[in-house]
Asks: 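After the structure tokens below, expect a handful of questions from me.
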Amino acid sequence: MGVSDWFKERLGLDDLPFFRTPDYMYNVNYWLGSLVAAAFIYTVVSGLILLLYYNAEAGYSSTEFIIQKVPYGSVILYSHLYGAYAMIILAYIHMFRNYFAGAYKKPRELLWIIGVIMLVLTLGTAFLGYSLIGDALATSAVDVGEGIISSVPGLSIFIPILFGNYDAGYYGRVLAWHIIFVALIGLLFIFHFFMAEHYGIMPSRKVKDRAPAVYAREEWQKFNPWWPRNFVYMMSLVFLTWGFILLIPNALAYLNGLPQQLNPFLNPQPAPPPNSPAAAHITTYPPWFFLFLYKIADFTNDVLIFLFIGVIIPLLYLILVPFIDRSPHLDLKKRRLFTAFGILMVTYLIQTTIFGDLTPGVEISIIQQIIVYLPPAVITLVGVFALPTGSNKKAIANPLGILAVLATSILFAGALITFVVSPSLLTITAFTVFALIFVLSIRNLSPIVLKSEGEHRDAKAVLEKPENRELKKKIAEILISILFILSVVLASQLWVIPSTGYLSNIFGIDLGSIFIMLGEAISLYHYVVYKR
């Protein structure tokens with residue numbers, strides 16, 4: 001009995017209701033949830049290590065102690081921070097991918113809602129964890145959070161319960177809520193995982209183009225067993241995710257003198273303490289993942305309006321969309337309004353985040369808001385509804401065609417802004433002309449964006465000559481050997497890297513590189529063993 005069979009028998013894996021997977025689904029596009037889970041697991045493990053050294057009664061000095069004195073403390077702390085960042089980014093990508101795929105439709109409504117709640121908890125957990133650093137930026141972020149809560153009638157009584165005496169450097173409450181939120185994410189993750197396995201990965205629209213898009217039991221019984229192929233593929237993604245979580249922040253730790261606008265995104269090191277003279281020379285801003293909320297707060301002095309625009313309306317829409325979108329169609333062109341809303345949510349999220357980074361704390365008038373946010377809405381709505389219903393044989397799917405659409409979009413937006421700022425016969429004529437040109441260019445462009453599951457990912461296996469496949473497998477075997485040798489060489493050098501000080505982050509860079517090579521080697525192994 002082999003090791004694989006031993007595990008399968010001892011764990012009873014054949015008896016578990018795990019989804020069997022068709023060949024075409026071994027693509028990262030279908031496994032984004034695994035990337036989120038990998039980032040979550042890494043962040044939890046590194047957080048437990050940090051708990052051994054973190055003193056909540058002295059947030060900033062404790063953080064500095066971990067970075068300066070604890071062996072590889074900065075490696076763990078920076079990668080813990082970026083593990084949370086990775087989890088947020090991947091969760092957004094996972095959610096919007098499923099949104100555009102229609103994965104919120106029957107029977108996955110509850111799976112979708114739990115996912116949305118997990119994203120909210122992730123953002124809250126990251127905010128609390130970011131605050132535990134206790135530097136000037138973290139204190140400012142908690143101040144903003146406290147200000148928002150205290151502005152809502154009746155909620156001030158919760159501030160001591162939520163934040164405690166953080167002004168004095170005591171972060172016991174913040175740490176407690178951080179851990180509670182992580183536990184809640186863990187509990188919901190268990191439900192989310194088993195529900196995802198129960199319904200299976202969302203099939204290609206070429207196979208199932210209507211809800212409920214699930215494989216019948218007699219269909220998926222013919223697919224590849226979960227063990228060990230899914231496990232092998234998943235481990236390749238896990239190692240790759242962990243590798244980048246380690247590699248990126250530890251490499252960024254050696255970047256100095258970043259422009260202020262890049263600091264929220266690329267600097268893993270703490271800012272000065274809140275009461276130091278150096279703190280007076282930095283622009284305070286919240287963590288990058290709340291920059292969009294920070295900017296929306298500049299749109300109005302009314303906290304309730306701010307909460308409705310920035311939090312309540314988007315959240316309610318995401319939770320209710322499975323019940324609002326009653327169409328069984330999964331094709332984006334057959335649910336255009338929801339497609340447009342999805343594009344706008346992504347556009348506004350990115351746009352407002354950059355806006356908040358470039359103009360922190362600067363009030364924005366109504367006219368400025370219209371100029372910034374109206375063009376994307378008009379372009380999206382006109383563009384989505386202008387798309388042809390069927391396939392367009394004359395479609396322009398080359399770079400020049402895409403460039404033409406971008407150019408007409410810019411001209412259309414410029415004409416719209418000019419009309420809003422200076423309404424006249426001339427500006428409305430220009431706006432109408434450019435709108436028509438934009439519509440025509442959209443209709444002439446292949447809906448490339450909508451072809452997320454293109455022909456090269458058809459549910460039918462792509463035919464490949466056996467001799468070509470065998471040659472690729474030979475090359476893959478050679479690459480596995482090279483990656484293994486490089487990993488061993490790099491691992492043998494890890495122990496000579498100083499555990500503290502300036503050079504210690506090289507340990508994180510090397511370890512991250514080893515994980516990436518292992519992930520790639522496992523991916524190649526998956527190809528060699530299972531590709532047919």
Side-chain angles (χ1 to χ4, degrees), residues 42-85 125-145 163-179 182 245-258 260 262-288 497-509 511-512:
Y42 183 90
T43 310
V44 168
V45 172
S46 56
L48 290 173
I49 297 172
L50 291 172
L51 265 182
L52 298 173
Y53 299 98
Y54 183 76
N55 177 12
E57 297 300 310
Y60 187 80
S61 58
S62 180
T63 302
E64 281 296 309
F65 172 76
I66 290 172
I67 293 172
Q68 306 295 341
K69 303 296 182 185
V70 173
Y72 307 113
S74 61
V75 174
I76 299 168
L77 182 63
Y78 296 164
S79 58
H80 178 73
L81 177 69
Y82 272 61
Y85 288 176
T125 308
F127 174 76
L128 293 166
Y130 179 88
S131 305
L132 289 172
I133 298 170
D135 61 7
L137 297 180
T139 309
S140 171
V142 181
D143 284 341
V144 173
F163 302 123
N165 192 15
Y166 70 94
D167 279 335
Y170 304 148
Y171 287 87
R173 288 283 180 180
V174 179
L175 178 61
W177 283 111
H178 181 63
I179 295 171
V182 172
I245 288 174
L246 274 161
L247 176 66
I248 292 173
N250 284 290
L252 291 173
Y254 290 106
L255 287 181
N256 291 313
L258 287 172
Q260 179 76 37
L262 294 178
N263 259 331
F265 308 101
L266 299 179
N267 189 357
Q269 302 180 61
N275 298 321
S276 67
H281 299 288
I282 61 171
T283 304
T284 55
Y285 43 75
W288 63 265
I497 299 172
S499 62
T500 56
Y502 181 76
L503 297 176
S504 62
N505 293 104
I506 293 175
F507 183 90
I509 296 172
L511 188 59

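No hydrogens, no waters, no symmetry mates; every other heavy atom, side chains included, goes into these values.
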Asks: Give, for atom OG of Ser276 and atom NE2 of His281, the distance between the pair rounded to the nearest 0.5 Å.
Replies: 9.0 Å
Asks: Check whether any side-chain heavy atom of Tyr166 lies under 4.5 Å from a side-chain heavy atom of Asp143, and answer yes or no.
Replies: yes
Asks: How about Tyr82 and Tyr85: are their ring centres within less than 6.0 Å of each other?
Replies: yes
Asks: May I ask you to test the Tyr42-Leu246 pair for a side-chain heavy-atom distance under 4.5 Å?
Replies: yes
Asks: So Val144 and Pro286, do their side chains get closer than 4.5 Å, heavy atoms only?
Replies: no
Asks: Which atoms form the tightest heavy-atom contact between Glu64 and Pro270, and what is the distance?
Replies: OE2-CG, 3.9 Å
Asks: Of the non-hydrogen atoms in Ile245 and Ser79, which two are nearest, and what is the gap between them?
Replies: CG2-O, 3.3 Å
Asks: With the side chain counted from C-beta on, respond yes when Phe507 and Ser499 share a heavy-atom pair under 4.5 Å apart, and no when they do not.
Replies: no
Asks: Are Ile506 and Tyr254 packed together at the side-chain level, in the sense that at least one heavy-atom pair is separated by less than 4.5 angstrom?
Replies: yes
Asks: Nearest 0.5 Å, what's the OG1-CD distance between Thr63 and Gln269?
Replies: 13.0 Å
Asks: Does Tyr170 OH have over 12 foreign heavy atoms under 6.0 Å away?
Replies: no
Asks: Does some side-chain heavy atom of Tyr60 sit less than 4.5 Å from a side-chain heavy atom of Thr139?
Replies: no
Asks: Using the side-chain contact (heavy atoms from CB on, under 4.5 Å) rule, pick out the option among Ile49, Val70, Ile66 that qualifies with Tyr54.
Replies: Ile66
Asks: Let me confirm one number: the CD1-OG1 distance from Ile179 to Thr125, rounded to the nearest 0.5 Å.
Replies: 11.0 Å
Asks: With the side chain counted from C-beta on, respond yes when Asn267 and Leu252 share a heavy-atom pair under 4.5 Å apart, and no when they do not.
Replies: no
Asks: Between Ile282 and Ala136, which heavy-atom pair has the shortest distance, and what is it?
Replies: CD1-CB, 3.8 Å
Asks: Closer than 3.5 angstrom, by distance alone: can the side chain of Ser62 be matched with the main-chain N or O of Asn55 as a donor-acceptor pair?
Replies: yes
Asks: About how many Å separate CG of Asn250 and CG of Leu511, when rounded to the nearest 0.5 Å?
Replies: 9.0 Å
Asks: Rounded to the nearest 0.5 Å, how far apart are CG of Leu128 and CZ of Phe163?
Replies: 7.0 Å
Asks: Would a 4.5 Å heavy-atom cut-off, applied to side chains only, mark Leu51 and Leu175 as touching?
Replies: yes
Asks: Hey, are Ser131 and Tyr171 close enough side-chain-wise for a donor-acceptor pair under 3.5 Å?
Replies: no
Asks: Which heavy atom of Gly83 sits nearest a heavy atom of Thr43, and at what distance?
Replies: C-OG1, 3.3 Å
Asks: One pair to check against side-chain contact (heavy atoms from CB on, under 4.5 Å): Leu77 and Leu50. What are the steps and the verdict?
Replies: CA-CA 7 Å; Leu77 182 63; Leu50 291 172; 3.8 Å; yes
Asks: Which heavy atom of Tyr72 sits nearest a heavy atom of Ser504, and at what distance?
Replies: CD2-O, 4.4 Å
Asks: Which atoms form the tightest heavy-atom contact between Val75 and Gly508, and what is the distance?
Replies: CG1-CA, 3.7 Å
Asks: How long is the straight-line distance from CG of Asn505 back to CD1 of Ile497, given to the nearest 0.5 Å?
Replies: 10.0 Å
